[in-house]
Amino acid sequence: MREMPLHPLHRSIRRFWNPVESRYWTYERPSVIEAICGQCEAPYLFNPDPVPTHQYDPEVGGYTVLKGEICGPIAGRGACGKCGKVATSLTWPEAAYIKIKVAEGILWSWNTEQLVVIRAHVAGDKAVLRKMLMNDWRLSRTIGRIPTFAILKRNRFKILSSIDRYLRKRTA
Ligand SMILES: [Zn+2]
């Protein structure tokens with residue numbers, strides 16, 4: 001007798017289920033970083049070199065997740081549209097264009113795409129957030145990395161108005 005196939009129901013659910021590991025985060029870098037020029041401080045787009053997120057481990061016989069670095073030097077390429085300076089590396093988060101300072105620390109974002117998700121989380125807009133995460137599961141990792149001070153009630157107004165300022169500048 002043939003073995004029963006894997007739960008067909010389970011499989012169809014899985015298609016919509018985005019697994020996010022809780023023990024390890026793979027810090028994939030985004031394809032576009034919004035940075036400030038080291039020479040004239042104008043914002044420009046920087047494309048980081050891709051970094052591996054998984055490494056083959058012959059002892060385990062599988063792939064281990066590499067805990068990537070977020071902060072520090074990042075290699076890549078970008079050119080400032082204002083002064084023409086070409087950058088082949090930058091230092092994070094110092095070079096972040098999107099930085100919001102509150103008493104507890106600095107909330108930064110790689111780019112506007114991520115900022116929109118951060119905004120929904122800070123605002124507690126669960127319906128909007130769910131919709132965004134359904135379309136891009138990588139963004140759910142973003143949520144796990146938002147510092148807790150960002151969602152404190154006392155910081156909410158300042159953070160949301162700062163975020164909106166960035167978003168307005170972007171569309172202007
Ligand atoms: Zn510049």
Side-chain angles (χ1 to χ4, degrees), residues 18 20-21 24-55 65-125 128-129 131-172:
N18 302 311
V20 177
E21 68 280 24
Y24 300 99
W25 300 102
T26 58
Y27 292 140
E28 299 137 334
R29 283 174 185 153
S31 51
V32 177
I33 290 176
E34 289 171 34
I36 44 167
C37 174
Q39 194 163 274
C40 74
E41 299 201 329
Y44 73 103
L45 299 181
F46 183 83
N47 300 99
D49 292 339
V51 286
T53 54
H54 291 72
Q55 187 174 48
V65 175
L66 292 177
K67 196 171 175 185
E69 298 124 35
I70 295 187
C71 297
I74 298 175
R77 200 172 168 84
C80 174
K82 196 177 174 193
C83 74
K85 186 182 160 57
V86 173
T88 52
S89 83
L90 51 74
T91 308
W92 201 261
E94 288 79 1
Y97 166 59
I98 302 168
K99 267 185 292 201
I100 297 161
K101 209 182 265 181
V102 288
E104 293 84 356
I106 296 170
L107 174 70
W108 55 261
S109 175
W110 289 120
N111 51 44
T112 306
E113 182 201 21
Q114 192 190 50
L115 187 64
V116 173
V117 177
I118 294 174
R119 194 199 187 284
H121 184 66
V122 173
D125 209 335
V128 170
L129 197 59
K131 208 171 160 192
M132 285 173 180
L133 299 185
M134 229 158 64
N135 292 330
D136 189 347
W137 62 269
R138 284 171 311 142
L139 290 175
S140 49
R141 293 202 175 115
T142 300
I143 299 304
R145 275 181 264 148
I146 297 174
T148 43
F149 66 73
I151 51 167
L152 295 177
K153 211 171 175 183
R154 64 170 179 270
N155 290 332
R156 190 175 297 160
F157 180 77
K158 187 183 178 184
I159 290 175
L160 288 180
S161 49
S162 299
I163 289 177
D164 289 341
R165 248 195 324 274
Y166 279 108
L167 295 178
R168 265 201 305 277
K169 266 191 263 176
R170 175 70 176 214
T171 48

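If you read the sequence from its start, that first residue is 1, and numbering goes on from there. Read the numbers this way: they start at 1 and go in the same order the structure lists the ligands and their atoms. Hydrogens, waters and symmetry mates play no part in the numbers below; they use all other heavy atoms, side chains included.
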Of the protein N/O/S atoms, how many lie under 2.8 Å from the Zn ion (ligand 1): 4
Check salt bridge (Lys or Arg N to Asp or Glu O under 4.0 Å) between Asp125 and all other residues, then give those that pass, not counting sequence neighbours. none
What verdict does the side chain to side chain contact (heavy atoms under 4.5 Å, CB included) test give for Glu104 and Leu152, after you've listed the backbone C-alpha separation in whole Å, the side-chain angles of each residue and the deciding distance to 0.1 Å? CA-CA 10 Å; Glu104 293 84 356; Leu152 295 177; 3.8 Å; yes
Partners meeting side-chain hydrogen bond (donor to acceptor under 3.5 Å, both in side chains) with Glu41 (sequence neighbours left out): none
Would you mind writing out the side-chain donor-acceptor pairs for residues 80-103 within the sub-3.5 Å range, not counting sequence neighbours?
residue: Lys99; atom: NZ; partner: Glu94; partner atom: O; Å: 2.8

Please check: side-chain N/O of Asn47 versus main-chain N/O of Gly76, any donor-acceptor pairing under 3.5 Å? no
Which value, rounded to the nearest 0.5 Å, describes the distance between Arg154 atom CZ and Ile159 atom CD1? 10.0 Å
